[in-house]
Q: 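The structure's right below; bear with me while I get my questions together.
Here is the naming used below: chain letters follow the sequence lines, and residue numbers restart at 1 for every chain. Side chains are part of it too, since the values below use all heavy atoms of this structure and drop only hydrogens, waters and symmetry mates.
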Protein chains: 2
Amino acid sequence: MALRERRETVLRVIIEDYITRAAPIASSAIVEKYGLKVSSATIRNDTAYLEREGYVVRPHRSAGSIPTDKAYRYYVELIGAEIELPRVEQYLVHQISQEAKEELEQWLRTVAALLARLVRNLVVITTPKAVRCRFKHLDLVALQDFMALLIVVLYEAEVRRQVLSFDRKVSQDELTKLANKLTSVYGGMTSSDILAKREKLSSEERQISESLVEIMATQDKLDYGEPYLEGLRLLLGQPEFTNSPRILGILEVLEGEDWLRNIFSQESSRGGVKVVIGDENPEPALQDLSLLASQYGVPDKASGIVGVIGPKRMDYAKVISSLNCFSTLLSDSVAEYI
Amino acid sequence: MALRERRETVLRVIIEDYITRAAPIASSAIVEKYGLKVSSATIRNDTAYLEREGYVVRPHRSAGSIPTDKAYRYYVELIGAEIELPRVEQYLVHQISQEAKEELEQWLRTVAALLARLVRNLVVITTPKAVRCRFKHLDLVALQDFMALLIVVLYEAEVRRQVLSFDRKVSQDELTKLANKLTSVYGGMTSSDILAKREKLSSEERQISESLVEIMATQDKLDYGEPYLEGLRLLLGQPEFTNSPRILGILEVLEGEDWLRNIFSQESSRGGVKVVIGDENPEPALQDLSLLASQYGVPDKASGIVGVIGPKRMDYAKVISSLNCFSTLLSDSVAEYI
DNA sequence: TTTAGCACTCTCCGCTTTTGATTGCTAAAC
DNA sequence: GTTTAGCAATCAAAAGCGGAGAGTGCTAAA
């Protein structure tokens, strides 16, 4: 076995062992566990080299090796796209795609729960969001005397609602007529189209149009749909976070609004799974973690994000293959809604 | 000062001190901090009595006192309804009620966030749910060839949607007619009304009605609307949970589905704030916590729950008054939607 | 280049001691 | 009868110690 080759094997062994055991591994253990045909002293030379090159560190002078961020990055590039989810799990995922998708949100949660169970870490899924939302349908329902509920359906099956109050009492009949008229006039338009369309409008029509534009503009401004987290218990149950005050910082960020944007804004991964390891994350509180995420959806139409958040020490192979699998599942499902 | 009276003061001091400091209090500290006109030895006699009666315990023989569940229960009954939220905070709450309530869900989150900041603990709010849901309005939007989006508006402004697939291509015009017809036929009905109403229906009408009934029946079966948690970081940041494996059990329960029902099923509090302290909770994993919750909404129409979850050592006075304040705020807001 | 051998380093565990906080008890004072 | 002062007793937490064990670094030989 060539020297260069063995060093790579050693690094791989260190990483994979740390992923399962979460503890430093000794040179002798590397030899034994993985049946290498050299002595522990040789491995020590290799780990010394790996340490000089920044792939491993040791908690103290006489301790085993643990991988660095650089090692994980190397490992992720190495395993790359080669991996596929085992049959059993592919079958599980297939099953769930068959399930009745009554409510999109409800279904997304089921999907998130399954993925979380599979990868034993925190999962985030955002609802799919249209790139540029277009108006499809509008509906008005009378509430109390002066009030009505405005329901707006956008392409990609997004539904928004808002309460309007009018200056006068408006009957349900009137409201239905208003709704039908505006639906046929605005059908297929973007918010700027609607804004541009200056027709003579009644006072109520104007008011409704304004709300409509506002709703659509707000929607356009968002980078992502509503994020949904599942499996916090799995993340916090990881040995690196029990008895650690860092979990508070992590929770703080995760409960905030902007962390998803901040992380994924730089560039969208072209097709594959984006991997952010430790220090690569701009958010300091999350630098003990790795985030893996994949976009799903229909290109140029609507897209969402499905991701996994866990300790840097995570089963990248499994998570990447799971994410690939789930993102196609979700894409197929979104395609139906459009 | 009568003896009985002083003992009550001592107990109150112990509780209030523990609420702020989270550590056992010594007899001498009780005297000093609260300027009592007796010696520490006297207080020791009192705490010995309180311990015999089960109001306080001590971590070990020579440690200060900490309150028991019984003490908290006593304390809650004592302060009862006497308390009002300070002016500044009432003003804050008032402010938020003015804010634009575009999306109910969005607004509920804002409310939850404010409440969480105020009480520095985990807040749970469920969306308001109709006691028995009645059909108000229905809408059909064409998606792909054989598919359509069914949008159902129920009284109390609940909106549900579902994707339907038909055996044949149905145009938007047809769908609109179908929607108008069914809306006028079923207006104001409950799911059983609709089920009972056997008219001659076309195949599509029958299919839609079935979906409709299914949606409404599912809705009726639920005890609560969608629960929304805010402020997990505040709960887990409490000193009793740092470095404690119990948080995992708590998270597990909180990420589950049924814990809210299990806790509040017994009896609904008549108007006020329901307080569940420690062991009073049927769920073992939550017995280190206290839950306080209040129903909001319009009686016999729609209601939701707003609650606070924190360590047993929590500022009951503040939380109870906050909950009272917020539940009227939410009730007023729901009243508008009905 | 690899290996055996050995000294060295450092953590972890358990043990003991010390320190300091706090109470329980008793006898005297109010 | 209640309250108090005083003091011994109790206990947790911190600090110190020492040895076992795990593991490496280095050197010299294979």
Side-chain angles (χ1 to χ4, degrees), chain A residues 1-11 13-15 17-18 21-68 71 239-240 242-244, chain B residues 1-11 13-15 17-18 21-68 71 239-240 242-244:
Chain A
M1 188 187 282
L3 174 128
R4 182 183 179 73
E5 201 182 327
R6 192 189 58 227
R7 281 180 183 162
E8 291 191 341
T9 310
V10 168
L11 178 52
V13 165
I14 290 174
I15 295 169
D17 188 85
Y18 193 70
R21 286 197 321 114
I25 184 169
S27 55
S28 56
I30 296 177
V31 176
E32 279 172 33
K33 280 203 186 170
Y34 297 86
L36 301 185
K37 296 281 174 275
V38 291
S39 81
S40 65
T42 311
I43 302 297
R44 279 202 286 285
N45 289 332
D46 293 339
T47 54
Y49 171 82
L50 291 171
E51 189 176 10
R52 276 197 304 280
E53 295 294 315
Y55 287 104
V56 307
V57 284
R58 281 168 304 127
H60 53 88
R61 241 170 78 80
S62 69
S65 315
I66 61 175
T68 62
E240 31 269 275
T242 47
N243 304 334
S244 161
Chain B
M1 186 188 284
L3 174 125
R4 180 182 180 74
E5 201 182 327
R6 193 189 56 228
R7 282 179 182 162
E8 290 192 341
T9 310
V10 168
L11 178 52
V13 165
I14 291 173
I15 295 169
D17 187 85
Y18 192 70
R21 285 196 321 113
I25 185 168
S27 54
S28 55
I30 296 177
V31 176
E32 279 172 33
K33 281 203 184 167
Y34 297 84
L36 302 184
K37 295 280 174 276
V38 290
S39 81
S40 65
T42 312
I43 301 299
R44 278 201 286 286
N45 289 332
D46 293 339
T47 54
Y49 172 83
L50 291 171
E51 191 178 7
R52 274 197 304 280
E53 297 294 315
Y55 287 104
V56 306
V57 284
R58 280 167 305 126
H60 53 89
R61 259 190 70 159
S62 68
S65 315
I66 61 174
T68 60
E240 31 268 274
T242 50
N243 304 336
S244 161

Q: For the pair made of CD1 in Ile43(B) and C1' in dT22(C), what is the distance, rounded to whole Å?
A: 14 Å

Q: Can you measure Leu36(A) atom CG to dT1(C) atom C1' for me and round it to whole angstrom units?
A: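 That distance rounds to 16 Å.
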
Q: Between the main-chain N or O of Arg7(A) and the side-chain N or O of Arg4(A), is there a donor-acceptor pair closer than 3.5 Å?
A: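 A pair under 3.5 Å: no.
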
Q: Identify whether any heavy atom of Thr47(A) sits under 4.0 Å from a base atom; if not, whether one sits that close to sugar-phosphate; answer base, sugar-phosphate or nothing.
A: nothing

Q: Nearest whole Å is fine: how far is dT3(D) P from Tyr49(B) OH?
A: 14 Å

Q: Using 0.5 Å steps for rounding, measure from the CZ atom of Arg6(B) to the CG atom of Asn45(B).
A: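 Between atom CZ of Arg6(B) and atom CG of Asn45(B) there are 8.0 Å.
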
Q: Quick one: CG on Asp17(A) to CD1 on Ile25(A), what's the gap to the nearest 0.5 Å?
A: 3.5 Å

Q: Given atom CG of Asn45(B) and atom C1' of dC25(C), what is their separation to the nearest angstrom?
A: 10 Å

Q: Per the atom types in the model, does the base of dT9(C) pair as donor or acceptor with the side chain of Ser62(A) at under 3.5 Å?
A: yes

Q: Between Thr68(B) (side chain only) and Gly54(B) (backbone N and O only), is there a donor and an acceptor less than 3.5 Å apart?
A: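 At least one qualifying donor-acceptor pair exists.
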
Q: Please tell me which of Ser65(A) and Val38(B) maps to the more 5' nucleotide of DNA chain D, matching each residue to the nucleotide holding its nearest heavy atom.
A: Val38(B)

Q: Do any N or O atoms from the side chain of Arg44(B) and from the backbone of Thr47(B) form a donor-acceptor pair under 3.5 angstrom?
A: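 No; zero donor-acceptor contacts below 3.5 Å.
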
Q: Consider the side chain of Ser39(A), meaning its heavy atoms from C-beta on, and name the nucleotide among dA12(D), dA4(C), dT23(C) that approaches it most closely.
A: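 Among dA12(D), dA4(C), dT23(C), the one nearest the side chain of Ser39(A) is dA4(C).
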
Q: From the options dT3(C), dC25(C), dT24(D), select the nucleotide whose nearest atom is closest to the side chain of Arg44(B).
A: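 Shortest atom-to-atom distance from the side chain points to dC25(C).
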
Q: Whole angstroms only, please: what is the CD1-C1' distance between Ile25(A) and dG23(D)?
A: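 Between C1' of dG23(D) and CD1 of Ile25(A): 12 Å.
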
Q: Check whether any side-chain N or O of Thr42(B) sits under 4.0 Å from OP1 or OP2 of dT4(D), and answer yes or no.
A: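 True: Thr42(B) side-chain N/O within range (under 4.0 Å) of dT4(D) OP1/OP2.
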
Q: How close or far is atom P of dT22(C) from atom CZ of Arg58(B), stated in whole angstroms?
A: 12 Å

Q: Would you mind pulling out the nucleotide paired to dG21(D), Watson-Crick or G-U wobble, both distances under 3.5 Å?
A: dC10(C)

Q: Any base atoms under 4.0 Å from Arg61(A), or only sugar-phosphate, or nothing? Heavy atoms, all strands.
A: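 It contacts sugar-phosphate atoms only.
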
Q: NA contact type, Ser40(A), heavy-atom cut-off 4.0 Å: base, sugar-phosphate, or nothing?
A: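 No contact at all - Ser40(A) keeps every heavy atom at 4.0 Å or more from the nucleic acid.
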
Q: Check the distance between dG23(D)'s P and Lys33(A)'s NZ and give it to me in whole angstrom.
A: 10 Å

Q: What's the CD1-P distance between Ile30(A) and dA22(D), to the nearest Å?
A: 17 Å

Q: Return the nearest nucleotide to the side chain of Ala41(B); candidates are dG23(D), dA5(D), dT23(C).
A: dA5(D)

Q: Which listed nucleotide (dG25(D), dG24(C), dG23(D)) is nearest to the side chain of Ala26(A)?
A: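 Nearest nucleotide to the side chain: dG23(D).
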
